[in-house]
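Please read these numbers as outputs of a predicted model, since none were measured by experiment. So that the names make sense, note that chain A is the first sequence line, chain B the second, and so on, each numbered from 1. Side chains included, hydrogens not; waters and symmetry mates left out as well; all remaining heavy atoms used.
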There are 4 protein chains.
Amino acid sequence: MTISIIGASGYSGAELIRILLRHPGVKIDNVFANSAAGKRVDEVYPALRHRTDLVFDEYALEKVRSSDIIFIALPSGEAMKIVPELIDAKLRVIDLGGDFRLQDPALYQHYYKHVHTAAQYLPGAVYGLPEWNRTAIASAQLVANPGCYVTSALLPLLPLVKEGVVDPRGIVISSLSGISGAGRQSSIDYSFTETNETVRAYKAGVHQHTPEIETVLRTFAGADATVAFVPHLVPITRGIHSSMYGRLAKPATASAIGDIYESCYHDAPFVRVDGARYPEIKHVQDTNYCDIGFTLHNATDQVMIFCVIDNLIKGAAGQAVQNMNIMCGFTETEGLA
Amino acid sequence: MTISIIGASGYSGAELIRILLRHPGVKIDNVFANSAAGKRVDEVYPALRHRTDLVFDEYALEKVRSSDIIFIALPSGEAMKIVPELIDAKLRVIDLGGDFRLQDPALYQHYYKHVHTAAQYLPGAVYGLPEWNRTAIASAQLVANPGCYVTSALLPLLPLVKEGVVDPRGIVISSLSGISGAGRQSSIDYSFTETNETVRAYKAGVHQHTPEIETVLRTFAGADATVAFVPHLVPITRGIHSSMYGRLAKPATASAIGDIYESCYHDAPFVRVDGARYPEIKHVQDTNYCDIGFTLHNATDQVMIFCVIDNLIKGAAGQAVQNMNIMCGFTETEGLA
Amino acid sequence: MTISIIGASGYSGAELIRILLRHPGVKIDNVFANSAAGKRVDEVYPALRHRTDLVFDEYALEKVRSSDIIFIALPSGEAMKIVPELIDAKLRVIDLGGDFRLQDPALYQHYYKHVHTAAQYLPGAVYGLPEWNRTAIASAQLVANPGCYVTSALLPLLPLVKEGVVDPRGIVISSLSGISGAGRQSSIDYSFTETNETVRAYKAGVHQHTPEIETVLRTFAGADATVAFVPHLVPITRGIHSSMYGRLAKPATASAIGDIYESCYHDAPFVRVDGARYPEIKHVQDTNYCDIGFTLHNATDQVMIFCVIDNLIKGAAGQAVQNMNIMCGFTETEGLA
Amino acid sequence: MTISIIGASGYSGAELIRILLRHPGVKIDNVFANSAAGKRVDEVYPALRHRTDLVFDEYALEKVRSSDIIFIALPSGEAMKIVPELIDAKLRVIDLGGDFRLQDPALYQHYYKHVHTAAQYLPGAVYGLPEWNRTAIASAQLVANPGCYVTSALLPLLPLVKEGVVDPRGIVISSLSGISGAGRQSSIDYSFTETNETVRAYKAGVHQHTPEIETVLRTFAGADATVAFVPHLVPITRGIHSSMYGRLAKPATASAIGDIYESCYHDAPFVRVDGARYPEIKHVQDTNYCDIGFTLHNATDQVMIFCVIDNLIKGAAGQAVQNMNIMCGFTETEGLA
C-alpha cells in the first residue's frame with residue numbers, strides 16, 4: 001500500500017513520516033511541501049537521517065493518483081482547495097486540519113474567519129474519532145481527523161454526557177498545550193524566551209475547537225452541549241492536559257463512572273482510564289494513548305475529569321494513522337504500539 | 001527596626017532574606033533554621049554571597065525578644081508550636097504557613113491531617129490579605145499570611161462575588177503552580193526528570209487551600225461559597241496561573257466588571273487589572289504584582305477570570321513584607337518595587 | 001529467547017523494558033527490583049500500562065537460570081555482588097553499570113571509592129562498544145556496557161586518535177548531560193527547582209568516566225591518552241552533548257577527517273557523521289543514534305568535535321540491546337530502529 | 001541626571017529600562033525604538049505596568065541633546081550610523097553592541113560581515129570592562145560595552161594570563177548561553193519547540209566574540225592570545241556558563257591561583273571567586289554578579305575555569321549601568337545591588 005502526504009514539512013507532517021516509516025504495511029510514495037520542495041526530508045528533519053531518502057516535492061494531482069491514502073497536513077483554508085480534486089479523482093483522503101470537521105459552513109466561517117469554498121464536500125466527510133465512529137471511518141472516502149484539544153475533551157466527555165451523568169450545558173474545559181501545538185512557525189510569540197517559564201491563556205471561549213466539541217457531543221452523545229473552553233500554553237514541547245468540570249445531571253458514584261468508561265472503552269486499544277490516578281502528560285508522550293482520570297466533587301456536585309494526549313500523535317498524526325489502519329483493514333494499532 | 005525569621009532556610013525564607021536585605025527600613029537580626037544551624041546563609045544560598053554575612057541559628061525565644069517583627073516560614077504544624085510563646089511575650093508575628101488561616105480547628109484538622117494545638121490563639125489571628133484587610137493588619141499582633149493559590153484566587157474573585165456578579169456556588173478554580181511551590185525538599189516526585197515536560201493535577205477538590213478560599217469569600221464578600229479547586233504542577237520554577245470560571249448571578253458587561261475592579265483596586269499598588277489582556281506568569285515573576293484579566297462567555301453565562309502571581313513573592317514572602325510594611329507604618333511598597 | 005533484568009526499576013531498567021517489549025525476538029521473563037518488589041511495572045511506570053503485566057520481583061539466582069541473557073542495571077558496587085554467581089552458572093550477562101569496565105581494580109577503587117570484590121572476573125569482561133568490539137561481543141559471556149559520557153566521547157575520538165590525527169594528550173571533553181543521567185533518586189540537588197534554568201559543572205577532572213575514556217583509547221586506538229573531562233548538568237530530561245577539543249598531531253583537512261569517519265563507520269547503523277552540521281540532542285532523543293559533527297580550527301591547530309546521544313539509549317539501554325543483538329545473532333538494529 | 005536609550009525595545013533595552021527605573025540618580029528621558037514607535041513601553045513589556053508611562057519614540061538627534069548619557073542597544077551595524085553625530089554633538093555614549101569594541105576595522109569586517117563606516121571614531125572608544133578599565137571609563141565619551149560571552153571569558157582569564165599562569169595560546173572556551181542571547185526575534189531557530197530539550201553548538205571558532213576576547217587579552221594582559229571559542233545554546237532563558245581550559249605556562253597551585261584572583265578582584269563589587277565551588281547560572285540570574293570557580297587538572301597540566309553571568313545584566317544592561325555609574329560619579333553598585 002502506498003500513501004502520500006501533502007503539507008509534509010510541518011510538525012504533524014514530520015510525525016506522519018516518522019510513524020509511517022515504521023508501519024510494516026505502508027510505503028510512503030510522495031511527501032509534498034511547497035516551501036521545502038527539492039530538499040531532502042532529513043535535511044529539514046535531521047532526526048530522520050539514515051531512515052529515509054525521501055525528498056519534498058511540489059504537489060500535483062497526477063503525482064498522487066496511485067496513492068491508496070492521501071494525508072493532508074495543511075493549515076486550515078488550504079485543504080479545501082485540494083480536497084475537491086482528490087475526491088473527484090476517487091482518492092481516499094485523511095485531512096488533519098479543520099476544514100472538514102464542521103458540517104455547517106457558517107459556523108466554520110465564524111470561527112475560522114474565512115469562507116468555506118468546498119462546502120458541497122462537507123456531507124461526505126466522516127469524523128475521524130475512531131473510538132466513536134469506527135464503522136463509518138472504515139468505508140469513508142474523506143476523513144476529518146479531530147482537533148488536538150477536541151480529542152482530549154471528547155474521549156472523556158462523550159461517555160458521561162451520553163449516559164446522562166454530566167449536564168451538557170456549561171461544561172468547563174481548561175486545557176494546557178505544549179508549544180508544538182502552534183506549529184512550525186517563526187513568531188516572537190512562540191520563541192523560547194517568550195514562552196519558557198510562563199503560562200498564558202488565549203482565545204478564551206472563542207477558540208475554533210469550541211464548536212467542534214459542541215457539535216460532536218451533539219452527534220455522538222445526543223446532547224445540546226455548551227462548553228466554556230479555554231486553551232493555555234505551557235512550556236513543554238509536546239502534550240495536552242485537559243481538566244474538565246461538569247455538573248452532575250443525576251447522582252453518580254465513582255464506581256458507576258468507572259463502569260461507564262469500562263463499558264465504553266474496554267476494547268479501545270489507546271484509551272486508558274483509571275479513576276484512582278491523575279494522568280500525566282509524560283505517560284503518553286510519543287504514544288497514541290489517551291489517559292483519563294476523574295474524581296467526584298460532592299461539595300459542588302461536579303465531576304472533575306483529567307485527560308492527557310500527545311498533541312502530535314493522538315491529537316494529530318497518530319490518530320490519522322489509526323484512521324488509516326481502520327480504512328485499510330490493518331490492525332488498529334499497527335505502527336502505533 | 002529589626003526582624004527575625006524562623007524557618008529561614010526554605011524557599012520562602014530565602015526569599016524573605018533577599019527582599020529584606022534590600023528593605024531600607026529593616027535590619028535582619030536572626031535567621032533560624034535548625035537543619036542548617038551553623039551554616040552561613042550564603043553557603044546554602046550562594047546567590048546571596050557578598051550580600052550578607054548572616055549565619056543560620058537554632059531558634060530560642062530569648063533570641064527574638066528584641067525583634068520588632070518575627071516571620072515564621074515553617075511547614076504547617078510547626079508554627080503552632082512556637083506562636084503561643086511569641087504572642088505571650090508580646091511579640092508581633094507574621095506566619096507564612098497555614099496554621100492560623102482557618103478559624104475553625106476542626107476544619108483545619110480535616111484538611112491538614114493533624115490536630116490544632118494552639119486553637120485559643122486563632123481568634124487573635126488577622127488574615128493578611130492587605131488589599132482587603134489593611135486596617136486590621138495595621139494593628140495586628142498575629143498575621144496569618146494567605147496561601148499562594150488562595151491569593152491568586154481571592155484577589156480576582158472577591159470583588160465579583162461581593163458585588164453579586166458571580167454566583168458563589170460551584171466556582172471552578174483551575175490553578176497551575178511552578179515546582180518551587182512544593183518547597184525545598186528531596187523527593188522523586190519533584191525531581192527534574194519527573195516534573196519536566198509534563199503536567200499533572202493533584203489533590204483535586206481536597207487541597208487544604210479549598211476551605212481557606214471558601215472561608216475568606218464568606219468573611220470578606222459575605223457569600224456562602226463553594227469552590228471546585230484543582231491545583232496542577234507545571235514545569236516552571238516560580239509562578240501561579242489560576243483560571244477561574246464563575247456563573248453569572250446577574251447580567252453583566254465587561255465594562256461593568258472592569259468598573260468593579262477599578263473601584264476596588266484603584267489604590268492597590270500591586271494589583272493590575274486589564275480585561276483586554278491575558279495575564280502571563282512571566283510578567284509578575286520576581287515581583288509582588290498580581291495581574292488579572294477576564295472575559296465574559298455568553299454561551300455558558302460565565303465569566304472566565306485569569307490571575308497570575310509569583311508564588312514565592314505575592315504568594316508568600318512579598319505579601320508578608322507588604323503586611324510588615326502596613327504593621328510598621330512603612331509605605332506599603334517599600335522594598336517591594 | 002528469554003531475558004531477565006536485574007535492577008529494573010531505575011530509568012535504564014525501565015528503558016530496557018520499553019525497548020525489549022517491542023523487540024520481536026525476545027520475551028522478558030523476570031524484572032527484579034528489590035525496592036519495588038511486588039508492584040506491577042506499570043504502577044511504577046504508568047506509561048507502560050496496556051503494554052505489560054510484568055511485576056517486579058526480588059532477585060534470586062534460581063529465577064534466572066533459564067534466561068538467555070541477563071541485564072544488570074544496578075548502581076556501581078552492586079553488580080559485582082551478583083555477577084560472579086551468574087557467570088559461574090554459565091549465564092550470559094550484560095552489565096550496564098561501571099563494575100566491569102575497568103580492568104584495573106586499583107583504578108576502579110580510586111574512582112569509584114570502594115574496593116572491587118570480584119576482580120577475578122574482570123579479565124573475562126568484554127567491553128561493549130559494538131562499533132569497535134563487535135567480534136568479541138558476539139561470543140562474550142560478560143559484557144561491560146560503556147558509560148554514557150564515555151560513549152559520546154569515544155565514538156568520535158577513537159577514529160581520529162587511532163589514525164594519529166589528534167594528539168591523545170590533553171584532549172578537552174566538555175560534556176553536557178540531561179538530569180535523567182543522575183538516575184531515579186530523591187535529592188534536592190536534582191529537584192526541578194534546583195536544576196531548572198541553570199547549568200553547573202561537577203566532578204571536573206575527577207569523574208569516574210575519565211579513566212574509562214583513557215583506557216579504551218589505549219585499548220582500541222593504541223594511544224596513551226590523557227583527557228580533561230568535565231561533565232555539566234543542563235536542564236533537559238534526556239541526552240548528552242559532548243564538545244571535544246583535540247590538538248592536531250599532524251596536518252589535516254576536513255575532508256580527510258570526513259574520510260576517516262566514513263571508512264570507520266560506513267557500516268555502523270547507529271553512527272551518523274556530518275562535518276557540515278552541528279549535531280543536536282533533539283535529533284537523537286529516544287533513538288540509539290550517535291550524531292557527530294566537527295570543524296577544524298586553524299588558529300589554534302585543534303579539531304573541534306561535537307557528539308550527541310540519548311544517555312538512556314545509546315548511552316545505556318539501547319547500546320545494551322545492541323550488544324544483546326550481536327551476542328544472540330539478531331540483526332544489530334533489531335528493536336532499535 | 002537624564003538618559004536616553006536608543007534601541008529600547010529589545011531585551012537589552014528593556015533590561016536597561018527596568019534597571020534605570022530603580023536607579024535613584026537617573027531619570028529616563030527618551031526611549032527610542034522605530035519598530036515600536038508610538039506604543040507604550042508597558043504595552044510591549046507588560047511586566048512594567050504601574051512602573052512607567054514611557055512611550056517608545058522615533059530617534060532624532062535633537063531629542064537627545066540634553067541627555068547626560070545615551071545608551072545604544074541596536075544590532076551591530078546600526079550603532080555606527082548614529083554614534084558619529086552623537087559624538088560630534090559632545091554627547092556621552094554607551095554602546096551595548098559590537099560596533100566599537102574592535103579597534104581594527106578589517107577585523108570587524110571579517111567577523112561582522114559588513115564594512116565599518118565610522119572607523120575614525122574607533123580610537124576614541126573606551127572598552128567598557130569596569131574591573132579592568134575603570135579609570136579610562138570614568139572620563140570616556142564613548143564606551144564600548146563588552147560582549148556577553150566575552151565578559152564571561154575575560155573576567156576569569158585576564159588575571160591568570162596576565163600573571164603568566166595560563167598559556168595564552170590555544171585556550172579552549174566552551175560557552176553555553178540562554179536563548180535570550182539571540183535577541184527578541186521571530187525565527188524558527190529560536191522557537192520553543194526547536195530549542196527546548198536540546199543543545200547545539202554554533203559558529204564554532206568563527207563567532208564574532210573570538211577576536212574581541214583575543215584583542216582584550218592582548219590589551220590588558222599583554223599576551224598574544226589565541227582562543228578556541230565555541231558557543232552553544234541551552235534551553236534556559238537567561239544566563240551564560242563558560243568552561244575554560246588553559247594549559248599552565250608554569251607550575252601553579254590552587255592556592256596561588258586563588259591569591260591572584262583575590263589580589264585582582266578584592267575590590268570588585270560584582271566579581272565573586274571561589275575555587276571550592278562550581279558556579280551556577282541560577283546564582284547570578286537577575287544580578288550583575290560574575291561568579292568564578294576553578295580547579296587544577298594535573299593529569300593534563302591545565303586549569304579548568306568556570307564562570308557564570310546573566311547575559312542580559314553583567315553581559316549587557318547591568319554592565320552598561322555599571323559603566324554609567326563610573327562615568328557619572330555614582331557609586332559603582334548604584335541601582336545594581
Taking atom [atom1] of [X] as the centre, report whether more than 12 heavy atoms of other residues, nucleotides or ligands fall under 6.0 Å from it.
X        : atom1 : result
B/Arg277 : CZ    : yes
A/Arg184 : CZ    : yes
B/Lys162 : NZ    : no

Determine the option with the most heavy-atom pairs under 4.5 angstrom with chain A, choosing from B/Thr226, B/Asn196, B/Val172.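 Most heavy-atom pairs within the cutoff with chain A belong to B/Val172.
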Do you know which of B/Gly205, B/Gly293, B/Gly239 has the most heavy-atom pairs under 4.5 Å to chain A?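 Heavy-atom pairs under 4.5 Å are most numerous for B/Gly205.
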Against chain B, work out which of A/Val230, A/Leu296, A/Ile171 has the most heavy-atom pairs shorter than 4.5 Å and name it.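 Heavy-atom pairs under 4.5 Å are most numerous for A/Val230.
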Output the distance between atom CD (B/Glu280) and atom CG (A/Leu233), rounded to the nearest 0.5 Å.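 The CG atom of A/Leu233 is 9.0 Å from CD of B/Glu280, to the nearest 0.5 Å.
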Hey, what do you get for OG (B/Ser174) to CG (A/Leu176), rounding to the nearest 0.5 Å?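 So the gap between those two atoms works out to 7.0 Å.
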Below 4.5 Å from any heavy atom of chain A, which atoms of [X] appear? Answer side chain, backbone, both or neither.
X        : value
B/Val199 : both
B/Glu214 : neither
B/Thr237 : both
B/Pro279 : backbone
B/Gln302 : side chain
B/His232 : side chain
B/Thr193 : backbone
B/Val227 : backbone
B/Phe229 : backbone

Minimum heavy-atom distance B/Tyr245-A/Ala228, with the two atoms named: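 Where B/Tyr245 meets A/Ala228 most closely, the heavy atoms are CE2-O, 4.4 Å.
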Nearest heavy-atom neighbours spanning B/Thr198 and A/Ile236: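 Here B/Thr198 and A/Ile236 meet closest at N-CG2, 3.8 Å.
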Can you list the steps and then say if A/Arg238 with B/Glu197 is a side-chain contact (heavy atoms from CB on, under 4.5 Å)? CA-CA 8 Å; A/Arg238 302 167 75 128; B/Glu197 288 297 291; 5.6 Å; no
Test A/His241 against B/Arg200 for side-chain contact (heavy atoms from CB on, under 4.5 Å), laying out the working first. CA-CA 8 Å; A/His241 183 292; B/Arg200 62 171 184 260; 5.5 Å; no
Please check if the side chain of B/Tyr278 supplies one atom and the backbone of A/Ala204 the other of a donor-acceptor pair under 3.5 Å.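 Side chain of B/Tyr278 to backbone of A/Ala204: a pair is present.
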Identify which part of A/Thr295 has an atom lying under 4.5 Å from any heavy atom of chain B, answering side chain, backbone, both or neither.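 Looking at A/Thr295, just its side chain touches chain B.
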